[in-house]
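In what follows, a single structure is set out as structure tokens and then discussed.
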Amino acid sequence: MKTWKTFSFLVNGLPVEAKFTQENIDEIFLPLLHRLDQMQKERGKRIIVFLAAPPATGKSTLAMFLAHLSKENNCTAMQAIGLDGFHYHQDYILAHTVKQKDGTVLPMKQLKGSPETYDVPHFREKLDALRQGDPMWPIYDRRLHDVVEEKLLVTAPIVLIEGNWLLFQEGQWKELASLADYTVYIRAEEKDLKERLIGRKMLGGFSREEAEEFYKTGDGVSLRRVLQGSRLGDLSLTMDADGSFSVLK
């Protein structure tokens with residue numbers, strides 16, 4: 001029987017109540033943190049960790065939890081930050097289109113959140129600057145629906161970056177994994193994530209029908225692309241239907 005524990009955080013400015021099993025904490029999360037702690041101390045400089053997962057796996061919450069857990073266990077300080085600050089700015093997105101594999105051309109705004117709507121060269125530049133000690137990082141402001149540059153102060157020796165596409169193996173994305181010191185990948189079954197994504201849209205004001213339609217053309221497409229197109233990490237996990245994790249062998 002799994003033993004669940006509840007934790008409260010602010011994620012993207014919103015209060016979130018998260019549940020993790022004691023077994024996952026003891027057998028997966030703490031060993032990971034001790035491994036990263038040792039790596040940082042051996043290298044004597046800031047290390048970068050990627051946490052990649054499809055939408056609706058709770059990766060932002062997990063990243064915040066790992067940072068909290070590192071503090072509670074006297075590990076080297078970890079800070080959780082996101083990839084979403086590297087979306088193209090909204091004015092760019094509104095002015096551009098994306099050519100699909102089948103030759104059709106769609107407005108970029110219709111595909112926002114897909115890998116084509118991120119400024120990968122800018123991410124690489126900021127990643128290099130972060131290693132060199134630049135403390136500022138962009139964020140995506142969900143109230144403005146736009147990127148705000150140089151907004152977040154990054155100070156920790158271990159920086160955990162979470163995002164859907166960090167281990168994606170198409171185009172410019174496929175070279176990014178080599179820029180991280182350590183990578184974590186989470187996979188899950190689409191059927192276990194679909195209802196979560198539909199529920200998110202309904203909380204945002206969509207009807208059930210509208211949310212299901214958006215899933216067909218938006219969230220569901222991104223979900224399958226992450227699952228089918230990402231490489232495994234140095235540590236790969238499976239998220240089970242109940243939200244707990246197991247190590248992917």
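- A 4.5 Å side-chain heavy-atom check between Tyr182 and Met39 finds at least one atom pair inside the cut-off.
- Taking the side chain as every heavy atom from C-beta outward, Ile161 and Leu51 never approach each other to under 4.5 Å.
- A donor-acceptor pair is defined here as one N or O able to donate and one able to accept, closer than 3.5 Å; no such pair exists between the side chain of Trp165 and the backbone of Pro54.
- Side-chain contact between Val159 and Ile47 is absent, with no heavy-atom pair separated by less than 4.5 Å.
- With rounding to the nearest 0.5 angstrom, the CG atom of Leu193 is 9.0 Å from the CZ atom of Arg200.
- With contacts defined as side-chain heavy-atom distances shorter than 4.5 Å, the pair Gln100/Leu111 qualifies.
- A salt bridge is absent between Glu212 and Lys194; no separation between the charged side-chain nitrogens and carboxylate oxygens falls under 4.0 Å.
- Summarising the geometry, atom CE belonging to Met1 is positioned 10.5 Å from atom CD belonging to Glu23; distances are rounded to the nearest 0.5 Å.
- When each of Arg131, Arg35, Lys45, Arg46 is paired with Asp181, the salt bridge (Lys or Arg N to Asp or Glu O under 4.0 Å) condition holds for Arg131 and for no other.
- Using a 4.5 Å cut-off on side-chain heavy atoms (C-beta onward), Ile158 and Gln79 make no contact.
- With rounding to the nearest 0.5 Å, the separation of CG in Leu197 from CD in Glu190 is 9.0 Å.
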- List the steps and the verdict of side-chain contact (heavy atoms from CB on, under 4.5 Å) for Leu66 and Leu32. CA-CA 9 Å; Leu66 289 172; Leu32 169 63; 4.3 Å; yes
- Report the C-alpha separation of Leu62 and Phe29 in whole Å, then their side-chain angles, then the decisive distance to 0.1 Å, and conclude whether the side-chain contact (heavy atoms from CB on, under 4.5 Å) test is met. CA-CA 10 Å; Leu62 176 58; Phe29 302 147; 3.7 Å; yes
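- Atom CZ of Phe7 sits about 12.0 Å away from atom NZ of Lys19, to the nearest 0.5 Å.
- Across Lys112 and His145, no two heavy atoms sit closer than the pair NZ-O, 3.2 Å.
- Between Arg124 atom CZ and Leu176 atom CG the span is 6.0 Å, to the nearest 0.5 Å.
- Both Leu152 and Val148 are members of a single hydrophobic cluster when ILVMFWY side chains are connected at heavy-atom separations under 4.5 Å.
- The backbone N or O of Asp37 lies less than 3.5 Å from no partner atom in the side chain of Gln40, so there is not a single donor-acceptor pair.
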- Check against side-chain contact (heavy atoms from CB on, under 4.5 Å), Thr238 and Arg187: CA-CA 5 Å; Thr238 296; Arg187 70 172 302 280; 3.7 Å; yes
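- Transitive grouping of hydrophobic side chains (ILVMFWY, heavy atoms separated by less than 4.5 Å) keeps Val98 and Val221 in distinct clusters.
- Leu69 and Trp4 are not part of a single hydrophobic cluster, where members link through side-chain heavy atoms under 4.5 Å apart.
- In this structure, Phe123 and Phe86 have perpendicular ring planes: the angle between them is above 60°, well past the 30° mark.
- Counting all heavy atoms, side chain and backbone alike, Gln172 lies closest to Val120 at CB-CG1, 3.8 Å.
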- Message: Quick one, Glu210 with Lys201, criterion salt bridge (charged side-chain N to carboxylate O under 4.0 Å, His left out). Give me CA distance, side-chain angles, the key distance, then yes/no.
- Response: CA-CA 8 Å; Glu210 290 170 335; Lys201 288 299 178 185; over 6 Å; no
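- Between the Ser230 side chain and the Leu227 main chain, no donor and acceptor come within less than 3.5 Å of each other.
- The pair Lys5-Glu72 does not count as a salt bridge, with every side-chain nitrogen at least 4.0 angstrom from each carboxylate oxygen.
- Results of the ring pair (Phe, Tyr, Trp, His ring centres under 6.0 Å) test with Tyr118 over Trp173, Tyr92, Phe168 single out Trp173 as the only residue that passes.
- When only modelled atom types and interatomic distance are considered, His96 and Glu116 share no side-chain donor-acceptor pair under 3.5 Å.
- Expressed to the nearest 0.5 Å, how far CG of Asp240 lies from CG of Asp192 amounts to 8.0 Å.
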- Give the C-alpha distance, both sets of side-chain angles, the deciding distance and a yes or no for salt bridge (charged side-chain N to carboxylate O under 4.0 Å, His left out) between Lys126 and Glu150. CA-CA 10 Å; Lys126 288 300 290 183; Glu150 307 297 307; 2.9 Å; yes
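- With Glu162 contributing its side chain and Leu83 its backbone, the two residues share no donor-acceptor pair below 3.5 Å.
- Closest of all the heavy-atom pairs between Val154 and Trp137 is CG2-CB, 3.7 Å.
- A donor-acceptor pair under 3.5 Å links the side-chain atoms of Asp146 to the main chain of Gln90, judged by distance alone.
- Under 4.0 Å is where a charged nitrogen must lie from a carboxylate oxygen, and between Asp141 and Lys151 no such pair does.
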- Begin from the C-alpha positions of Leu36 and Met78 and carry the test side-chain contact (heavy atoms from CB on, under 4.5 Å) through to its verdict. CA-CA 9 Å; Leu36 297 176; Met78 171 186 285; 3.7 Å; yes
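- Closest non-hydrogen pair, Arg231 versus Tyr185, comes out as O-CG, 3.8 Å.
- Using modelled atom types, one side-chain atom of Arg196 and one backbone atom of Ala56 make a donor-acceptor pair closer than 3.5 Å.
- Annotation: side chain of Leu237 is in contact with side chain of Val247 (closest heavy-atom distance under 4.5 Å).
- Checking side-chain atoms of Ser222 against main-chain N and O of Asp219 turns up no donor-acceptor pair under 3.5 Å.
- Pairing each heavy atom of Ala80 with each of Ala67, the nearest pair is N-CB, 4.4 Å.
- Looking only at distances, no side-chain donor or acceptor of His34 sits under 3.5 Å from a matching main-chain atom of Pro31.
- The closest side-chain heavy-atom distance from Ile48 to Leu179 is not below 4.5 Å.
- In summary, of the residues considered (Leu166, Leu160, Val184, Asp234), a side-chain contact (heavy atoms from CB on, under 4.5 Å) with Phe50 occurs for Leu166 alone.
- In the hydrophobic cluster analysis, where Ile, Leu, Val, Met, Phe, Trp and Tyr join through side-chain heavy atoms closer than 4.5 angstrom, Val226 is grouped apart from Phe214.
- Counting heavy atoms from C-beta on, the side chains of Ile139 and Ile81 never come closer than 4.5 Å.
- In the hydrophobic clustering of this structure, Val147 does not group with Leu94; members are Ile, Leu, Val, Met, Phe, Trp, Tyr whose side-chain heavy atoms approach within less than 4.5 Å, directly or through other members.
- The minimum heavy-atom distance linking Pro55 with Asn164 is given by the pair N-OD1, 3.5 Å.
- Judged purely by distance below 3.5 Å, without hydrogens or angles, the side chains of Ser244 and Lys2 pair a donor atom with an acceptor atom.
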